[in-house]
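Inspection log for the structure reproduced underneath, given as structure tokens.
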Amino acid sequence: MRSALRLLLVAIGSCAYAGLAVLGWGGFKPFFSHPALKTLVVVLFALSGVAFLAGGNLSSGVREARSNRWVLPVFVIIGFLNAYLPAYTDRRDLWTIDGDTIRSVGVALFAAGGALRIWPVFVLGNRFSGLVAIQPGHNLVTGGVYRVIRHPSYLGLLINSLGWSLAFRSGVGVLLTVLLIPPLLARIDAEENLLYSQFGDDYNTYCSQTSRLIPGIY
């Protein structure tokens, strides 16, 4: 039942997100007559299917940084604004970036960011939570993609959001992606403080050898 409910929620969320974009563009026929946008929606549903298979949870585990929960509604609001407004401004040609090539770049970034967003979920499994929390049997993972950056899924989120915006040539969408950064950094701070409290000097050593989001820069 839990898997069925999760699948239903993933399907509803994906349909709602795509539906807002179609609404912003002006309807199904004009939206799906554009090859790049058609591909964008195919990628969206493919990523949603992979995300369902990846696992993860929304559990507070054995210990949670509850004060950070405020970022979740912020992410949801910005996310759904980004579903609708880039499509709307693209249709109205408001604050758009000229050229159809940018659409293809956007679709590619959307796919790459989505893959990077989901990859850590496969690595962590049920230790990956939508909440900032220590899960039962939690251990410090420092291999694979985590050998380079500490928060690959958050980097993937930013790239994914930027790609969606560029697929609609949307300056507004780029701005909405920028607005994701403050709550994302607040979440990173909360997560790193919690992990330090759990793993102590081992986590400090790991931090000294890696970057937060951008290898060699930040």
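Counting begins at 1 with the first residue of the sequence. Quantities reported herein were computed from a predicted structural model and do not represent experimental measurements.
Side-chain contact between S60 and L131 is present, with heavy atoms from C-beta onward closer than 4.5 Å. The closest side-chain heavy-atom distance from R187 to H151 is not below 4.5 Å. Taking the side chain as every heavy atom from C-beta outward, R212 and Y154 never approach each other to under 4.5 Å. In this structure, the side chains of K38 and F31 stay at 4.5 Å or more apart for every pair of heavy atoms. When side chains are defined from C-beta on, N204 counts as touching Y196, because their heavy atoms get closer than 4.5 Å. N68 places none of its side-chain heavy atoms less than 4.5 Å from the side chain of D189. In this structure, Q135 and V62 have side chains that are not in contact, with every pair of non-hydrogen atoms separated by 4.5 Å or more. You'll find the side chain of L124 stays beyond 4.5 Å of the side chain of W119, heavy atoms only.
Linking ILVMFWY side-chain heavy atoms closer than 4.5 Å, directly or via other members, places V42 and L40 in two distinct hydrophobic clusters. A continuous path of ILVMFWY side-chain contacts below 4.5 Å connects I217 to L116, so both sit in one hydrophobic cluster.
In this structure, CD1 on I159 lies 11.0 Å from OG1 on T177, to the nearest 0.5 angstrom. Separating the CG atom in L85 from the CG atom in L94 is a distance of 10.5 Å, to the nearest 0.5 Å. Interatomic distance, CG of L47 versus CD1 of I118, reported as 5.0 Å (0.5 Å rounding). Taking OH from Y218 and CG from L155, the interatomic distance works out to 12.0 Å, rounded to the nearest 0.5 Å. Rounded to the nearest 0.5 angstrom, F75 CZ and W70 CH2 are separated by 7.5 Å. Atom CD1 in I134 sits 4.5 Å away from atom CD in Q198 (nearest 0.5 Å).
Judged by distance alone, with hydrogens and angles left aside, the side-chain atoms of Y17 form a donor-acceptor pair with the main-chain N or O of G79 at under 3.5 Å. Of the possible polar contacts, none joining the T142 side chain to the R147 backbone as a donor-acceptor pair under 3.5 Å is found. With hydrogens and angles ignored, the 3.5 Å screen pairs no side-chain donor or acceptor of D90 with any backbone N or O of R169. Formation of a donor-acceptor pair under 3.5 Å by the T96 side chain with backbone atoms of D98 is not found in this model. The main-chain N or O of G216 is found under 3.5 Å from a side-chain atom of S211 such that the two form a donor-acceptor pair.
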Kindly determine whether R63 and S197 satisfy side-chain contact (heavy atoms from CB on, under 4.5 Å), including the steps that lead there. CA-CA 11 Å; R63 188 155 56 97; S197 72; 3.0 Å; yes
side-chain contact (heavy atoms from CB on, under 4.5 Å), that's the test. Do V172 and N82 meet it? Break it down for me. CA-CA 8 Å; V172 172; N82 203 32; over 6 Å; no
Could you walk me through whether L184 and L158 satisfy the side-chain contact (heavy atoms from CB on, under 4.5 Å) test, starting with their C-alpha distance in whole Å, then the side-chain angles of each, then the deciding distance to 0.1 Å, before giving a yes or no? CA-CA 9 Å; L184 193 62; L158 290 174; 3.7 Å; yes
Could you walk me through whether L166 and L162 pass the side-chain contact (heavy atoms from CB on, under 4.5 Å) test, one step at a time? CA-CA 6 Å; L166 294 180; L162 178 63; 4.1 Å; yes
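Residues that satisfy the side chain to side chain contact (heavy atoms under 4.5 Å, CB included) test with V178, not counting sequence neighbours, are absent from this structure. A search for ring-ring contact (aromatic ring centres under 6.0 Å, His included) contacts involving Y146 returns nothing, not counting sequence neighbours.
Aromatic ring orientation, Y88 versus Y84: parallel (interplanar angle below 30°, classes split at 30° and 60°).
Nearest heavy atoms, P183 versus V74: CG-CG1, 3.9 Å. Taking both residues in full, the closest heavy atoms of R117 and S153 are given as NH1-OG, 2.7 Å, listed atom of the first, atom of the second, then distance. Closest non-hydrogen pair, P86 versus L81, comes out as CD-O, 3.6 Å. The shortest non-hydrogen separation linking S161 to L180 is OG-CD1, 3.7 Å. Residues W164 and A83 come closest through the heavy atom pair NE1-CA, 3.8 Å. Scanning all heavy atoms of the two residues, the minimum distance from A21 to A87 falls at O-CB, 3.2 Å.
Taking a cutoff of 4.0 Å between a charged side-chain nitrogen and a carboxylate oxygen, E191 and R150 do not qualify as a salt bridge.
In this structure, the ring of F32 has its center no less than 6.0 angstrom from the ring center of W25.
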